[in-house]
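Protein chains get the first letters and strands the later ones, always in sequence-line order, with residue 1 at the start of each. Values below: every heavy atom of this structure, side chains too, minus hydrogens, waters and symmetry copies.
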Amino acid sequence: MKYWLVKSEPDVWSWDDQCKAKNQTTHWDGVRNAQASNNLKAMSKGDRCLFYHSNKERAVVGIVEVVKEFYPDPGDESGRFGMVDVKAVEPLKNPVTLKQIKAEPAFEQLALVRQPRLSVMPVDAKSFKQIIRMSG
DNA sequence: GCCAACGTTGGC
DNA sequence: GCCAACGTTGGC
């Protein structure tokens with residue numbers, strides 16, 4: 001199993017919205033960046049993703065699971081980009097903030113820290129587990 | 001194919 | 001709300 005982190009602006013699509021969706025499942029669409037799109041393509045069914053709120057909150061708030069692998073996004077006129085389907089698994093007991101992550105030297109290599117503008121990124125298993133541990 | 005101009009993202 | 005970083009676009 002691989003691990004990832006996906007970003008969303010909570011004003012646009014929040015963890016709460018994800019949980020209220022039918023079957024807690026939705027399309028992770030709207031990604032219009034080549035690198036992020038490549039990461040979406042590399043996802044496999046069953047992979048877990050940290051759900052991160054950008055902007056005001058800046059914290060990992062929950063975990064989602066990939067339930068459908070990459071397929072074309074009909075909303076993309078260029079035909080270059082696609083999406084995956086994700087399902088809410090569970091919320092973090094306590095959100096893990098960007099501040100906490102940046103304060104931890106073990107996360108220096110994390111794409112979240114190194115590439116602040118990337119919206120879909122891989123997370124190694126160790127870091128994934130550590131973030132879960134930090135959430136309580 | 002290069003690069004300047006421009007737009008967008010996201011942390012602060 | 002500002003601005004730095006960076007991706008994309010379009011003229012040449």
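Ion pairing of A:D124 with A:K2 is absent here, as no side-chain N (NZ or NE/NH1/NH2) approaches a carboxylate O to less than 4.0 Å. Under a 4.0 Å N-O distance rule, the pair A:D16/A:K20 qualifies as a salt bridge. Using a 4.0 Å cut-off between a side-chain N of Lys or Arg and a carboxylate O of Asp or Glu, A:K87 and A:E65 do not qualify as a salt bridge.
Partner A:D85 forms a side chain to side chain contact (heavy atoms under 4.5 Å, CB included) with one of A:Y71, A:W28, A:F70 and no other, that one being A:Y71.
Taking atom CG of residue A:N55 and atom P of nucleotide B:dC12, one finds them 12 Å apart after rounding to whole Å. If you take CH2 of A:W13 and P of B:dG10, they are 17 Å apart, rounded to a whole angstrom. A straight line from CD of A:E9 to C1' of B:dG10 spans 8 Å, rounded to a whole angstrom. The nearest whole Å value for the distance from the CG atom in A:D11 to the P atom in C:dG1 is 13 Å. The CG-P distance, from A:L98 to B:dT9, rounds to 18 Å in whole Å. Between the CD1 atom of A:I101 and the P atom of B:dC12 there is a distance of 12 Å, rounded to whole Å.
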- prompt: What do the steps show when you test A:V60 against A:T97 for side-chain contact (heavy atoms from CB on, under 4.5 Å), and what is the final call?
  reply: CA-CA 6 Å; A:V60 178; A:T97 64; over 6 Å; no
message: Could you walk me through whether A:S127 and A:Q130 satisfy the side chain to side chain donor-acceptor pair (under 3.5 Å) test, starting with their C-alpha distance in whole Å, then the side-chain angles of each, then the deciding distance to 0.1 Å, before giving a yes or no?
response: CA-CA 5 Å; A:S127 299; A:Q130 188 168 352; 5.7 Å; no
- request: Please step through side-chain contact (heavy atoms from CB on, under 4.5 Å) for the pair A:Y3 and A:M1, ending with a clear verdict.
  value: CA-CA 7 Å; A:Y3 298 97; A:M1 187 194 300; 3.9 Å; yes
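With no hydrogens or angles considered, no side-chain donor-acceptor pair links A:N39 and A:W4 at under 3.5 Å.
A:N33 comes within 4.0 angstrom of the backbone, heavy atoms only, and of no base. Across all strands shown, A:K102 has heavy atoms under 4.0 Å from sugar-phosphate atoms exclusively, and none from any base.
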Taking N or O atoms only and anything under 3.5 Å, show me the protein contacts with nucleotides 3-8 of chain B, one pair per line.
residue : atom : partner : partner atom : Å
B:dT8   : O2   : A:R117  : NH2          : 2.9

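Taking both residues in full, the closest heavy atoms of A:T26 and A:A21 are given as CG2-CB, 3.4 Å, listed atom of the first, atom of the second, then distance.
Neither OP1 nor OP2 of B:dT9 sits under 4.0 Å from any side-chain N or O of A:Y52.
The C1' atoms of five pairs define one axis at each end of the helix from B:dG1-C:dC12 to B:dC12-C:dG1, and these two axes lie 10° apart (to 10°).
Map A:R32 and A:K56 each onto its nearest nucleotide of DNA chain C; the residue landing nearer the 5' end is A:K56.
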